[in-house]
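Working notes, structure below.
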Number of protein chains: 2
Amino acid sequence: MAEDRRTRRTRRALSNALVELVLERGFSALTVEDITERADVGRATFYSHFRDREDLFARVTAGLLDGLSERLRPVMAESPVGFTGKPVLEMLRHAREERDAYRIVLRGEGDGRPLQMFTDAIARATADEFRDRAERNGVEPRIDPTLLARVWVGEQIAVLRWWVEHETPPMPVEDVVRMLLDLGLHGRYWASGFNDETTDGTAST
Amino acid sequence: MAEDRRTRRTRRALSNALVELVLERGFSALTVEDITERADVGRATFYSHFRDREDLFARVTAGLLDGLSERLRPVMAESPVGFTGKPVLEMLRHAREERDAYRIVLRGEGDGRPLQMFTDAIARATADEFRDRAERNGVEPRIDPTLLARVWVGEQIAVLRWWVEHETPPMPVEDVVRMLLDLGLHGRYWASGFNDETTDGTAST
DNA sequence: ACGTTTCGAGACAGCTTGTTCAGTAACTTA
DNA sequence: TAAGTTACTGAACAAGCTGTCTCGAAACGT
């Protein structure tokens, strides 16, 4: 007994309507009726699928994460022991396809809860990766992996957001990845045009 | 004619009530009456000061930014041409004092708008700094300063949040600053225990 | 073609919002 | 300290939204 076609249809319609409307007016300005109207669905029907607006939003976000992890699976599987920019690249591609959904999540709509869901999922996976890698290579991390993961995810999210908020792609995905790689390799001062000679021990903004 | 003491009192009370309650229940779950009740103020009074909940939240955030920039002013003024971690340090100290307010803003409560206000203010200032510095030293940034600023602010926000969400300070402010400085200087791979030898050109997560 | 599941429209109480108003209390200033 | 101004209160208001329910109609899977 495959899922009823009607439920699929209305769930999709409601999800799309949500994304469109949040993009236009912001989550807190929406009523359930706004959403059902846009989706061309009876209001009562909404409640037979979702508890409330937040529930719908949460499921949209979960769907996004599912899609992402599915895309990431093959890349992680073939994982050479070393480093490739593949995962980030794949995420950027995913963001390009699901641009609007990414936008509303990254903007922190819904009191930041979907964004937190998203961030936490990535941070968790990243921290695990860091630990694994350190162990495999038998090196001692200089900074707590959990914290380091948060920093790294903070960077990614910032760039991702900058990227999806531009109407027209400001830079090819490959360049974005290269940039992040350089940053990870050389640090921020290098990127701003300075190197270790110019900046003494007490460096920074 | 200095400001009436009563207005100061009720505005403070309402602001504090908001912060407390958002921390406890989240912004979207709050009613105006919840806030006025906690602040021990008539509901009608609320509307003679603020348009709605969002307005109140926005002003709380603006106040936070004012406080921050006031603390930053002297540090920026004495600004030696070089780099010191002073501004970040000052921000961490400010966050320690205004911990709860920082928490709710950084969590993205209020559909992320306060957070965006906060982030944008810092990113703008940072980007200007980057540009100034590059010009003063006559070097060419390897990466667009606007983007670089977003990345750097993304890092800061991530760390700040990690810092402020711990009940008991997980690390002295000075160490946090040192860590960020190291990250800016050497990059992420150094922090995770690798160096340029271990990671070849095609590095990263 | 049949039994099952979903959908739609309308009606419901309950709550929140934002405004208004008149009486009372607190404040500033001279 | 008294006079005049300004802020606060509590109550009442229409309007809108929420979440739940019911029943007949329509779409579905097999």
Side-chain angles (χ1 to χ4, degrees), chain A residues 1-63 104 109-114, chain B residues 1-63 104 109-114:
Chain A
M1 51 170 171
E3 198 197 18
D4 195 311
R5 183 206 267 149
R6 288 167 296 178
T7 72
R8 248 201 328 267
R9 259 174 57 84
T10 74
R11 278 201 244 260
R12 286 213 108 77
L14 288 169
S15 300
N16 292 339
L18 179 83
V19 175
E20 282 178 34
L21 287 169
V22 172
L23 215 47
E24 292 171 18
R25 297 186 225 157
F27 185 75
S28 64
L30 293 185
T31 70
V32 171
E33 192 165 12
D34 289 333
I35 302 170
T36 55
E37 196 180 317
R38 176 69 64 100
D40 203 8
V41 156
R43 198 169 72 88
T45 307
F46 178 94
Y47 290 101
S48 71
H49 288 280
F50 306 101
R51 203 172 356 84
D52 49 26
R53 295 174 311 160
E54 337 258 332
D55 186 29
L56 170 54
F57 198 175
R59 298 206 196 209
V60 168
T61 310
I104 65 173
E109 296 281 355
D111 277 359
R113 246 133 278 191
Chain B
M1 49 172 172
E3 199 197 19
D4 195 310
R5 183 206 268 148
R6 287 168 298 177
T7 73
R8 249 199 329 266
R9 256 174 59 85
T10 74
R11 277 201 244 261
R12 287 213 109 77
L14 287 169
S15 299
N16 292 340
L18 179 83
V19 175
E20 281 178 33
L21 287 169
V22 173
L23 214 49
E24 292 171 18
R25 297 186 226 158
F27 185 74
S28 64
L30 293 184
T31 70
V32 171
E33 191 163 13
D34 289 333
I35 302 171
T36 55
E37 195 180 317
R38 176 69 64 101
D40 204 7
V41 156
R43 199 169 69 89
T45 307
F46 178 95
Y47 290 102
S48 69
H49 288 281
F50 306 101
R51 202 173 356 84
D52 50 25
R53 292 176 312 159
E54 336 258 331
D55 186 28
L56 170 55
F57 198 176
R59 298 206 195 209
V60 168
T61 310
I104 64 172
E109 296 281 354
D111 276 359
R113 247 132 276 190

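For clarity, every value in this text was computed on a predicted model and none was experimentally measured. Chain identifiers are assigned alphabetically (A, B, ...) following the order of the sequence lines, protein sequences preceding nucleic acid strands; residue numbering begins at 1 within each chain.
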Could you grab the distance from atom OH of Tyr47(B) to atom OG1 of Thr36(B), nearest 0.5 Å is fine? 8.5 Å
Nearest 0.5 Å, please: how far is CZ in Phe50(B) from CZ in Arg11(B)? 6.0 Å
Quick one: [X] [atom1] to [N] [atom2], roughly how many Å, whole number?
X        : N       : atom1 : atom2 : result
Arg11(A) : dC7(C)  : CZ    : C1'   : 13 Å
Arg53(B) : dT17(C) : CZ    : P     : 6 Å
Leu14(A) : dT6(C)  : CG    : P     : 15 Å
Asp55(A) : dT20(D) : CG    : C1'   : 16 Å
Arg5(A)  : dC28(D) : CZ    : P     : 5 Å
Phe50(A) : dT18(D) : CZ    : C1'   : 17 Å
Arg8(B)  : dT6(D)  : CZ    : C1'   : 14 Å

Has Asp4(B) got a side-chain atom pairing as donor or acceptor with Arg6(B)'s backbone, closer than 3.5 angstrom? yes
So ring-ring contact (aromatic ring centres under 6.0 Å, His included) across residues 14-34 of chain B, not counting sequence neighbours, yields Phe27(B)-Phe57(B)
Trace of the side-chain contact (heavy atoms from CB on, under 4.5 Å) decision for Glu20(B) with Leu23(B): CA-CA 5 Å; Glu20(B) 281 178 33; Leu23(B) 214 49; 5.8 Å; no
Which atoms form the tightest heavy-atom contact between Asp34(B) and Ala29(B), and what is the distance? OD2-O, 4.0 Å
Could you pull out the closest heavy-atom pair between Pro114(A) and Gly110(A), with the gap in Å?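 Shortest heavy-atom contact: CD-O, 3.5 Å.
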Looking at Glu54(A) and Arg59(A), is any side-chain nitrogen of the basic one under 4.0 Å from a carboxylate oxygen of the acidic one? no
Would you jot down, in residue-number order, the residues of residues 17-29 of chain A having a non-hydrogen atom under 4.0 Å from DNA chain C? none
Ordered by number, residues from residues 30-46 of chain B within less than 4.0 Å of DNA chain C (heavy atoms) are Thr31(B), Val32(B), Arg43(B), Ala44(B)
Nearest heavy atom decides the nucleotide; on that basis, is His49(A) or Arg9(B) closer to the 5' end of DNA chain C? His49(A)
If only side-chain N and O atoms of Tyr47(B) are considered, is one of them under 4.0 Å from the OP1 or OP2 phosphate oxygen of dG18(C)?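 Yes, such a contact exists.
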Taking it one step at a time, do Ile35(B) and Arg38(B) satisfy side-chain contact (heavy atoms from CB on, under 4.5 Å)? CA-CA 5 Å; Ile35(B) 302 171; Arg38(B) 176 69 64 101; 6.0 Å; no
So, under a plain 3.5 Å distance rule, would you say the side chain of Arg6(A) forms a donor-acceptor pair with the base of dT5(C)? yes
